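Below you'll find the structure, written out as structure tokens, and then a few comments.
Counting begins at 1 with the first residue of the sequence. Numbering of ligands and ligand atoms starts at 1, following listing order. Note that this is a predicted model, so its numbers are computed, not measured.
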Amino acid sequence: MADRGYPEGVKLALGGHSYIAQLGNDPPASFEQQCALVAACLDTGIRLLDTTYYQERIALGRVLQRIGRRNEAEVTGWNFFLQPGKADELVAWTPYESHHIDIMLRELQTEWIDLLVIHAEDDPAILARELALAESWQTVGKVRQVGLGMARLEHLDQLPANHSLTHVLAPYNAFNREAGALFERARAMNLHTVAMSPFVRGWKLDEIGEDPAEVADILLRWVVAQPVVDHVIVAMRKPEWVHANLAAAARGPLTPQEASRLAGWVARAS
Ligand SMILES: NC(=O)c1ccc[n+]([C@@H]2O[C@H](COP(=O)([O-])OP(=O)(O)OC[C@H]3O[C@@H](n4cnc5c(N)ncnc54)[C@H](OP(=O)(O)O)[C@@H]3O)[C@@H](O)[C@H]2O)c1
């Protein structure tokens, strides 16, 4: 597998939902807080910065411009676009078309996207067209690597020969382990695996009803310790979460006592 240049041991990536209000209970982080958050990530070796919705691209673009650290970041972009009359909404994805890349680059205020994510499509012909487009953008230097997001196992079987995919991304956490088989297969195909949503949008941190710091620690360590996982995207609005999550990840796999505590939470949820 190619060396992705991350400092050894840092599997964490920053989620794009960190910048927007729509997927959280709290008010969004201010611009100054967003700058501090991204700087804290880059300072500590978290270089992979995800953006899913177009609002997140605009936010991250502004932040990276302000702090002047675009070259240190590995930016991810997905095919979710602004739609007329829906500027404040989180709209569904749209298959990539040729004009989309320049829109994304403008929003991100950059000349290239490190990891372009194609939202999985059940129609193999649409996916093949998108992969070909992504490849053409790679040829002109606008895209470096290409991932398949919200992927399921069957999508890997439908890939065209000689595809240029390098990553698969899917929700994967202690409560939703379905992507385990996808990640096994992806690894066998020499693809990088990216687990998303360690806390299920943060809902599990409240729902479990115990000390949220301990719950976060255990849920994150479970996913980080999975051998099939290369990266874990976690949404964080506060720089203190960056340090707490890095410390958790560095503590290593769960002890038998922690594993049985987690098993109790999972059993209660099912
Ligand atoms: N879930 C999906 O289906 C999906 C799809 C596409 C992309 N993604 C990517 O995956 C990322 C993460 O997924 P997610 O949005 O489901 O969220 P998540 O990472 O499972 O949970 C995020 C929540 O956890 C809280 N948090 C983070 N660290 C914490 C800590 N140490 N202690 C206590 N609370 C902590 C954050 O709180 P604060 O708000 O206080 O910071 C935030 O509300 C997204 O941002 C996005 O980039 C996910």
Side-chain angles (χ1 to χ4, degrees), residues 11-30 33-34 36-38 40-41 44 46-57 59-60 63 73-80 90-93 108 113-120 147-152 167-179 182 193-224 229-251 269:
K11 277 192 177 185
L12 299 188
L14 176 64
H17 302 349
S18 311
Y19 315 112
I20 59 174
Q22 285 92 333
L23 290 170
N25 301 319
D26 297 328
S30 69
Q33 287 166 329
Q34 291 176 12
L37 170 71
V38 172
C41 286
T44 52
I46 298 176
R47 295 177 53 206
L48 189 63
L49 310 178
D50 185 48
T51 60
T52 308
Y53 297 101
Y54 91 93
Q55 295 94 328
E56 300 170 2
R57 288 195 290 274
L60 181 62
V63 168
E74 304 245 337
V75 173
T76 295
W78 294 57
N79 45 331
F80 289 81
L90 303 181
V91 297
W93 82 95
L108 280 163
I113 290 176
D114 297 279
L115 176 61
L116 185 88
V117 181
I118 301 173
H119 192 292
L148 189 65
M150 304 303 284
R152 295 193 309 275
H167 290 65
V168 293
L169 301 86
Y172 183 60
N173 53 59
F175 297 90
N176 175 7
R177 305 182 187 194
E178 202 184 316
L182 166 82
T193 60
V194 185
M196 305 188 296
S197 218
F199 309 133
V200 193
R201 302 213 184 285
W203 297 330
K204 290 294 173 194
L205 302 178
D206 299 327
E207 217 176 277
I208 286 166
E210 297 184 27
D211 177 354
E214 284 180 28
V215 176
D217 179 275
I218 289 176
L219 293 184
L220 191 63
R221 281 165 58 213
W222 180 85
V223 67
V224 167
V229 169
D230 291 316
H231 300 292
V232 178
I233 305 183
V234 50
M236 304 178 261
R237 278 183 245 224
K238 305 181 181 94
E240 57 262 38
W241 295 153
V242 175
H243 300 289
N245 291 338
L246 279 168
R251 269 193 283 282

Does the side chain of [Y] come within less than 4.5 Å of [X]'s, by heavy atoms?
X: L169; Y: W78; answer: yes
X: R237; Y: Q34; answer: no
X: N79; Y: V117; answer: no
X: H167; Y: T193; answer: no
X: I218; Y: L220; answer: no

Please classify the [X] to ligand 1 contact at 4.0 Å (heavy-atom distances, strictly less than): side chain, backbone, both or neither.
X: L205; result: side chain
X: E56; result: neither
X: S197; result: both
X: I233; result: both
X: N245; result: side chain

Would one find an N or O of [X], backbone or side chain, under 3.5 Å from an N or O of ligand 1?
X: P212; answer: no
X: W78; answer: no
X: G202; answer: yes
X: V200; answer: yes
X: P171; answer: no
X: M150; answer: no
X: W241; answer: yes

Please name all residues satisfying salt bridge (Lys or Arg N to Asp or Glu O under 4.0 Å) with R251, sequence neighbours left out, ordered by chain then number. D217
Using the side-chain contact (heavy atoms from CB on, under 4.5 Å) rule, take V229 and V232 through it: C-alpha gap first, then chi angles, then the decisive distance, then the call. CA-CA 7 Å; V229 169; V232 178; 3.7 Å; yes
Check whether the side chains of N173 and W222 place a donor and an acceptor atom closer than 3.5 Å, and report yes or no. no
Return the option from M236, H243, R201, E214 holding the heavy atom at the smallest distance from atom 2 (C) of ligand 1. R201
Could you walk me through whether R201 and H17 satisfy the side chain to side chain donor-acceptor pair (under 3.5 Å) test, starting with their C-alpha distance in whole Å, then the side-chain angles of each, then the deciding distance to 0.1 Å, before giving a yes or no? CA-CA 9 Å; R201 302 213 184 285; H17 302 349; 3.3 Å; yes
A213 touching ligand 1 at heavy-atom level, < 4.0 angstrom: no
